[in-house]
Amino acid sequence: MKIIFATHNKHKKSEAADILGPKWELQGLSDIGFVGEIPETSDTLTGNALQKARFVKERFHANCFADDTGLEIEALGGKPGVYSARYAGEGCSYSDNVQKVLREMAGLQNRKACFKTVVALILDGEEYLFEGRVDGEILTEPQGYEGFGYDPIFKPDGFEETFAEMDASLKNSISHRGRAMQKLVAFLENHTK
């Protein structure tokens, strides 16, 4: 079955395809010929995920899902949160965002943080939400080269390595997006029997 993931992010699409498995033909925005940006104007992860999924549904009339993810750092009052992808400004790189967080965290003892993901699914015209969360801490410098985003500075609780040091299968099994996607997959398998 075909389903559209409302993203241009190759890393996210690859992670999602691994989790969905071969039963689903996953298409990203570039696969369906959409090159523009989808507005993200909500101040919540849920609002942004729904906004992106509804945008794709209205234009392409297909089953789809979208996600929004935020890194919430306790000592920064929950920042960068919903602004995680553009924390260092519009058009910033992953490295720019990481460096801004590290500057803001310099000298702080409280390194507690969590990643949250909300996945919004529109299937046969109905909307569904799935959430994933993982707690951990922010390191003082990047470690590892896998993954993307804040992965090099986020070490999940119970592990000695950052997301950027883990292989994809381990990360996908414990990450915020992985947990939300696993809930999505379980729902799809029950709903599409």
Side-chain angles (χ1 to χ4, degrees), residues 1-73 78-87 90 97 113-135 147-151 154 156 163 168 171-193:
M1 293 181 70
K2 285 185 183 179
I3 193 164
I4 298 170
F5 185 6
T7 188
H8 287 296
N9 187 313
K10 292 181 294 196
H11 300 287
K12 280 188 183 184
K13 184 185 169 206
S14 176
E15 280 184 4
D18 287 346
I19 295 167
L20 280 170
K23 181 178 175 184
W24 292 89
E25 182 186 334
L26 185 64
Q27 297 180 309
L29 294 175
S30 56
D31 299 321
I32 58 173
F34 182 78
V35 294
E37 291 299 317
I38 299 177
E40 292 182 59
T41 56
S42 176
D43 59 1
T44 67
L45 299 176
T46 300
N48 280 338
L50 282 168
Q51 186 176 14
K52 291 186 281 188
R54 289 170 180 161
F55 181 96
V56 170
K57 177 66 176 167
E58 288 168 10
R59 280 156 186 79
F60 297 97
H61 311 289
N63 292 325
C64 61
F65 66 93
D67 78 321
D68 201 24
T69 294
L71 172 65
E72 297 179 0
I73 301 171
K79 291 181 183 173
V82 74
Y83 303 105
S84 294
R86 53 195 180 279
Y87 194 47
E90 291 298 328
N97 286 331
C114 73
F115 265 122
K116 293 180 182 174
T117 293
V118 175
V119 173
L121 168 69
I122 302 179
L123 184 68
D124 302 327
E126 296 292 322
E127 295 179 351
Y128 306 91
L129 294 171
F130 308 93
E131 294 184 31
R133 174 189 172 125
V134 63
D135 293 292
F148 61 98
Y150 298 95
D151 288 356
F154 185 83
F163 277 159
K171 180 190 169 190
N172 288 344
S173 70
I174 65 164
S175 77
H176 46 294
R177 185 173 299 104
R179 290 174 175 173
M181 288 295 299
Q182 287 159 12
K183 291 176 184 176
L184 168 71
V185 168
F187 175 83
L188 288 172
E189 286 177 354
N190 285 330
H191 198 78
T192 57
K193 284 182 179 175

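With sequence neighbours excluded, the residues satisfying salt bridge (Lys or Arg N to Asp or Glu O under 4.0 Å) with Glu90 are Arg86. Lys13 is linked by a salt bridge (Lys or Arg N to Asp or Glu O under 4.0 Å) to Asp31, counting only residues two or more places apart in sequence or in another chain. Taking Asp18 as the reference, nothing meets the side chain to side chain donor-acceptor pair (under 3.5 Å) condition, with sequence neighbours excluded. With sequence neighbours left out, the side chain to side chain contact (heavy atoms under 4.5 Å, CB included) criterion links Lys10 to no other residue. Listed by chain and residue number, Ala6, Lys52, Ala53 satisfy the side chain to side chain contact (heavy atoms under 4.5 Å, CB included) test with Ala66 (two or more places apart in sequence, or in another chain). When the side chain to side chain donor-acceptor pair (under 3.5 Å) test is applied to Glu40, no partner is found at least two apart in sequence or on another chain. Partners of Lys116 under the side chain to side chain donor-acceptor pair (under 3.5 Å) rule, at least two apart in sequence or in another chain, are Glu72. By the side chain to side chain donor-acceptor pair (under 3.5 Å) test, Ser42 is found to be paired with Thr44, residues two or more places apart in sequence or in another chain being considered. For His11, the ring-ring contact (aromatic ring centres under 6.0 Å, His included) partners are Phe148, not counting sequence neighbours.
Rounding to the nearest 0.5 Å gives a distance of 5.5 Å between CZ of Phe5 and NZ of Lys12. One finds the CG atom of Leu50 at 7.0 Å from the CD1 atom of Ile122 (value rounded to the nearest 0.5 Å). To the nearest 0.5 Å, atom CG of residue Asp68 and atom OG1 of residue Thr117 are 8.0 Å apart.
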Give the intermediate values and the outcome of side chain to side chain contact (heavy atoms under 4.5 Å, CB included) for residues Leu188 and Leu20. CA-CA 9 Å; Leu188 288 172; Leu20 280 170; 4.0 Å; yes
Begin from the C-alpha positions of Val119 and Leu129 and carry the test side chain to side chain contact (heavy atoms under 4.5 Å, CB included) through to its verdict. CA-CA 6 Å; Val119 173; Leu129 294 171; over 6 Å; no
Take Tyr150 and Phe163 through the side chain to side chain contact (heavy atoms under 4.5 Å, CB included) test and state the conclusion after the steps. CA-CA 8 Å; Tyr150 298 95; Phe163 277 159; over 6 Å; no
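Applying the ring-ring contact (aromatic ring centres under 6.0 Å, His included) definition to pairs two or more places apart or across chains, those involving residues 30-55 are Phe34-Phe55. Among residue pairs with one or both ends in residues 121-130, those qualifying as side-chain hydrogen bond (donor to acceptor under 3.5 Å, both in side chains) are Arg54-Glu127; sequence neighbours excluded.
In this structure, Phe154 and Leu71 have side chains that are in contact, with non-hydrogen atoms separated by less than 4.5 Å. You'll find the side chain of Ile19 reaches within 4.5 Å of the side chain of Val185, heavy atoms only. The closest side-chain heavy-atom distance from Ile32 to Ile4 is below 4.5 Å. The side-chain heavy atoms of Leu123 and Phe187, taken from C-beta on, include a pair separated by under 4.5 Å. Looking only at side-chain heavy atoms (C-beta outward), Leu121 and Leu184 come within less than 4.5 Å of each other. In this structure, Ile73 and Pro80 have side chains that are in contact, with non-hydrogen atoms separated by less than 4.5 Å.
Shortest non-hydrogen contact noted between Lys183 and Glu131 is NZ-O, 2.7 Å.
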Going by atom type alone, with no hydrogens or angles, which donor-acceptor pairs under 3.5 Å involve a side-chain atom of residues 174-182 and a protein atom two or more places apart or on another chain?
unit_1	atom_1	unit_2	atom_2	d
Ser175	OG	Lys171	O	3.4
Ser175	OG	Gly178	N	2.8
Arg177	NE	Asp67	OD2	3.0
Arg177	NH1	Glu15	OE1	3.2
Arg177	NH2	Thr69	OG1	3.2
Arg179	NE	Ile174	O	3.1
Arg179	NH1	Arg133	O	2.7
Gln182	NE2	Asn172	O	3.1

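Looking at Thr41 and Gln51, their side chains do bring a donor and an acceptor atom within 3.5 Å of each other.
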